[in-house]
Amino acid sequence: MITEDKAYDILALEPSATPEEILARYQILKDQYKKIKEETEDLKTQLAYQLKQIELDDVFIYFRTCQKI
C-alpha cells in the first residue's frame, strides 16, 4: 500500500515538490530503471528493477488518484 510519505520517499522528493517536479522525477527514475533492467544479464537484477518499475507506477497512480499531478 502506497502512502503519501512512502510515495515521496520512493521518488526521493520533499512533500513540497511541485507536480512538475514529481512528474520529472518519475520519468527520470522510470528511464533509469528501464535502462538498467535492459542492460543487465543477471536475472535477479532484472527482476529487482522490474519491481522498482512497478513500484514507480504505483506511486504515479497514487499521485494521480490524489490529484497531485
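As the structure is a computational prediction, the values presented were derived from the model and not from experiment. Side-chain atoms are counted along with the backbone in the values below, which use heavy atoms only and exclude waters and symmetry mates.
- Scanning both residues, Y8 and A17, for their nearest heavy atoms gives CE2-CB, 4.4 Å.
- Atom CD of E39 is separated from atom CD of E41 by 11.0 Å, given to the nearest 0.5 angstrom.
- Under the side chain to side chain contact (heavy atoms under 4.5 Å, CB included) criterion, T3 pairs with D5, K6, not counting sequence neighbours.
- For D42, the side chain to side chain donor-acceptor pair (under 3.5 Å) partners are T45, not counting sequence neighbours.
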Go through the steps to decide whether I10 and L29 satisfy the test side chain to side chain contact (heavy atoms under 4.5 Å, CB included), and finish with yes or no. CA-CA 10 Å; I10 291 168; L29 290 174; 5.6 Å; no
Side chains of residues 53-67: which donor-acceptor partners sit under 3.5 Å, not counting sequence neighbours?
{"from": "D57", "atom 1": "OD1", "to": "Y26", "atom 2": "OH", "distance (Å)": "2.8"}
{"from": "D57", "atom 1": "OD1", "to": "K30", "atom 2": "NZ", "distance (Å)": "2.8"}
{"from": "D57", "atom 1": "OD2", "to": "K30", "atom 2": "NZ", "distance (Å)": "2.9"}
{"from": "Y62", "atom 1": "OH", "to": "E4", "atom 2": "N", "distance (Å)": "3.3"}
{"from": "R64", "atom 1": "NH1", "to": "I69", "atom 2": "O", "distance (Å)": "3.3"}
{"from": "T65", "atom 1": "OG1", "to": "I61", "atom 2": "O", "distance (Å)": "2.8"}

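- Between the E21 side chain and the T18 main chain, a donor and an acceptor come within less than 3.5 Å of each other.
- Contacts classified as ring-ring contact (aromatic ring centres under 6.0 Å, His included) and involving residues 36-56 (residues at least two apart or in different chains) are given here: Y33-Y49.
- With sequence neighbours excluded, no residue forms a side chain to side chain donor-acceptor pair (under 3.5 Å) with Q50.
- Proximity of a side-chain donor or acceptor of Q46 to a complementary backbone N or O of E38 within less than 3.5 Å is not detected.
- To the nearest 0.5 Å, atom CG of residue L47 and atom NZ of residue K44 are 10.0 Å apart.
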